[in-house]
Every structure is written in structure tokens, then in C-alpha cells.
Engineer: 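For reference, the structure I am asking about is given below.
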Amino acid sequence: MTRDTLGRPLRNLRLSVTDRCNLRCQYCMPEEEYTWLPRNDMLTFEEMAHLVDVFADLGVDKVRLTGGEPLLRRDLDRLVRLLGGNARIRDLAMTTNGVLLAEHAGALRAAGLHRVTVSLDTLREDRFKALTRRDTHARVLEGIEAVGRSGWPGLKLDTVVMRGVNDDELADLIEYGGRVSAEVRFIEYMDVGGATHWSMERVVSRLEMLARLEERYGPIAPVVEETSAPADRFRLPDGRVFGIISSTTEPFCRACDRSRLTADGVWYLCLYATRGRDLRHPLRAGASRDELVEMIRSRWQGRSDRGAEDRLAMPERRPLVQISELKRDPHLEMHTRGG
Ligand code: SAM
């Protein structure tokens, strides 16, 4: 097992398959136009599968497909089949905005995708439209309900909670999750690259979310479990479970075993990192498997990143990157490196 300077193993890879997205969420892609990664730089599915296999040599056994919007990458089920055939990947998941899910769910499940997480920030069509600047709320719900009905286990719904936007929907989302057999996870609004409209006032902390939910449901108990998963899980008095990802007010860098590979093959050790390691050039220049393993191993062994904790320690917190800088380097964008 490869460990970094804080003893954290390399286990979890978030693989962004495209930087393109079909929504323009205010907290992630607030601009209409972006500088996109050049098409020729995009890794092929074979290149992705090869790199994942190299990562598996170093201990990675969990892969999450993300983006941009992963379902915009054509024939994604072919990549799923390639990765699903890798016996060392114990957990193969995807995070999607759900717009194209209803039409692709069957093929992805058949190809070997283990589970799906859908981002759902609101149950209200008007809010969805204001938040995403697109009119596809009904399609997202259709996608979620298709997965729920099919009995595909492990469905999760991720909600970014923002004050004055959707923070009055926490209980409604839990109720909806119950109806579609999904576990809901509330994510604190993060000041990641891309979130140029972020402000601390907009963040609803884990403590506040719990207090509000206790008002509605009564005492909430933490679920005690040893895991590196970002969500802390809680149980309502009736037994239902939900999660909170408190990356802004109570970050969990100490247990972070995640790294991120962009669709053009740049590897980031932290969501907040400003520099990544380009793996595409060596790969395309014919680097051997051993050479790639060494590149990745040495980089991980030197890792000391604790991006979210560093952000928390800042006296005055503002958006991480300004728009002009993002335009110069799209790799700083959340939608390029995946959430
Ligand atoms: N398009 C896919 C989706 O919507 O799930 C995958 C990519 S998206 C970048 C991955 C996750 O990052 C989504 O759940 C999204 O809500 C989350 N995200 C984006 N910006 C965020 C922010 N500023 N704070 C917290 N979560 C954010």
C-alpha cells in the first residue's frame, strides 16, 4: 500500500471523463462560456483504463466517474465495461447530474457500474431553473426514479446546501430520498475553483443542518463507522439514514485517500491543489508501466496536501480563484477536475 507523508493510502480515484457539462449551476459553473480542454488532449477509454490499472498497482480499488457531466461522454458504457473487467476495482461508481440518466442507466448497469450518485439540489422546478439555468428538472427526477424503480442498490442523492437558495428543503429531500430508495447527503457549499460566487454567509454548516433537522424529526444520532468516506452519516429516530459532507466547516483531510485525474490526464492530489502532474504526455510518449508506477508512487509519497483545512485556517475567506485566472487555466475549475 502506497502512503503519503501523513500515512494516508492511495485508494480512491475520481476520474473525470469530460469537462463539458449540460447545466450551469451557480455554485460550480456560473459562467455561460468556458475555456474547454482541447479535444485531442482527451484521454481515450483505453488510456483511462490503462492508467486506472497502473493506479491499481499502487492500491487504488475505488473509482468514481465524474466530470463535467460524465454522461456527455459518448459510449460511456464502453469505459465502464473496460474498468468493470478490472478485478482490482472493488467499487466503481459515477456521479451525474441525472439529466441523461434515464436513457443510459440500463446500459451502464449492464456494463458493470456498481452504483450511482445523482446531484439533486432542489425538488422545485423553478428553483432548479434558477440554479442551473436549464429546464431539465423533470428529466433529472425521471432518471433518479428509473434507477430507484430498477432496484439498483447504492443510489445516493447529493445536495449542495446554500443559504437562501435551498436550505428550506432538507427534510423534503430526505422524504423524497425515502420514496426513491436513495440515501441523501447534504454537502456544505465549498469555495472550490469555479465557485466564484461563493461567500461564507451562503454556507450552511453541518451543525446548523443537524439543528434544523432535529427540530423537524427529533433527536438525531451519529452512525458510528470507521471509513474514509467524506460523509458523516446520521440516523433519524425512525431509523432512516442520511449523510453530511462538511468539507467547509469541519474538513476531513486527515482521512483523505482521494485523488483526481482530469479528462486530459492531469493528476491532482487535492481538490484545492493548484498544480497537478501531467500523466498524458509520458503515457503518449511511451512510458512503461513501471515508469508510470514510479511517477505516481513518488508523487503520492511526497503528498502533504490538506487543502480544506488550510482554507479553514485562513483569516479571511474569499473565492479560491478569480474568473480571469480560471479562464487562463481551466484545470483550476471544479468541472475540469470533477467534484
Ligand atoms: N456533473 C456531475 C454532477 O452534477 O454530479 C459530476 C460533476 S460535479 C462537479 C460533482 C459534484 O460536485 C456535484 O455533486 C456538485 O454538486 C459538486 N459541487 C460542485 N461545486 C460545488 C461547490 N461549490 N460546493 C460543493 N459541492 C460542489
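Just follow the structure's listing: the first ligand is 1, and inside any ligand the first atom is 1.
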Engineer: With sequence neighbours left out, which residue pairs that include part of residues 95-104 fulfil the salt bridge (charged side-chain N to carboxylate O under 4.0 Å, His left out) condition?
Structural biologist: Glu103-Arg139
Engineer: Distance only, no hydrogens: is a donor on one side chain within 3.5 Å (strictly under) of an acceptor on the other, for Asp278 and His281?
Structural biologist: yes
Engineer: Yes or no on ring-ring contact (aromatic ring centres under 6.0 Å, His included) for Phe55 and Trp300, after CA distance, side-chain angles and deciding distance?
Structural biologist: CA-CA 11 Å; Phe55 276 101; Trp300 188 264; 8.9 Å; no
Engineer: For ligand 1, list every N/O pair with the protein closer than 3.5 Å, one pair per line with the distance.
Structural biologist:
residue: ligand 1; atom: 1 (N); partner: Gly68; partner atom: O; Å: 2.9
residue: ligand 1; atom: 1 (N); partner: Glu69; partner atom: OE1; Å: 3.1
residue: ligand 1; atom: 4 (O); partner: Ser119; partner atom: OG; Å: 3.4
residue: ligand 1; atom: 5 (O); partner: Thr96; partner atom: O; Å: 3.4
residue: ligand 1; atom: 5 (O); partner: Ser119; partner atom: OG; Å: 2.5
residue: ligand 1; atom: 14 (O); partner: Ser119; partner atom: OG; Å: 2.8
residue: ligand 1; atom: 16 (O); partner: Tyr27; partner atom: OH; Å: 3.3
residue: ligand 1; atom: 23 (N); partner: Tyr27; partner atom: O; Å: 3.0
residue: ligand 1; atom: 23 (N); partner: Met190; partner atom: O; Å: 2.9
residue: ligand 1; atom: 24 (N); partner: Met190; partner atom: N; Å: 2.9

Engineer: Would Asp264 and His331 count as having a side-chain donor-acceptor pair, cut-off 3.5 Å?
Structural biologist: yes
Engineer: Does the ring center of Trp152 lie less than 6.0 Å from the ring center of His114?
Structural biologist: no
Engineer: With no hydrogens and no angle check, just 3.5 Å: does a side-chain donor-acceptor pair link Thr248 and Arg311?
Structural biologist: no
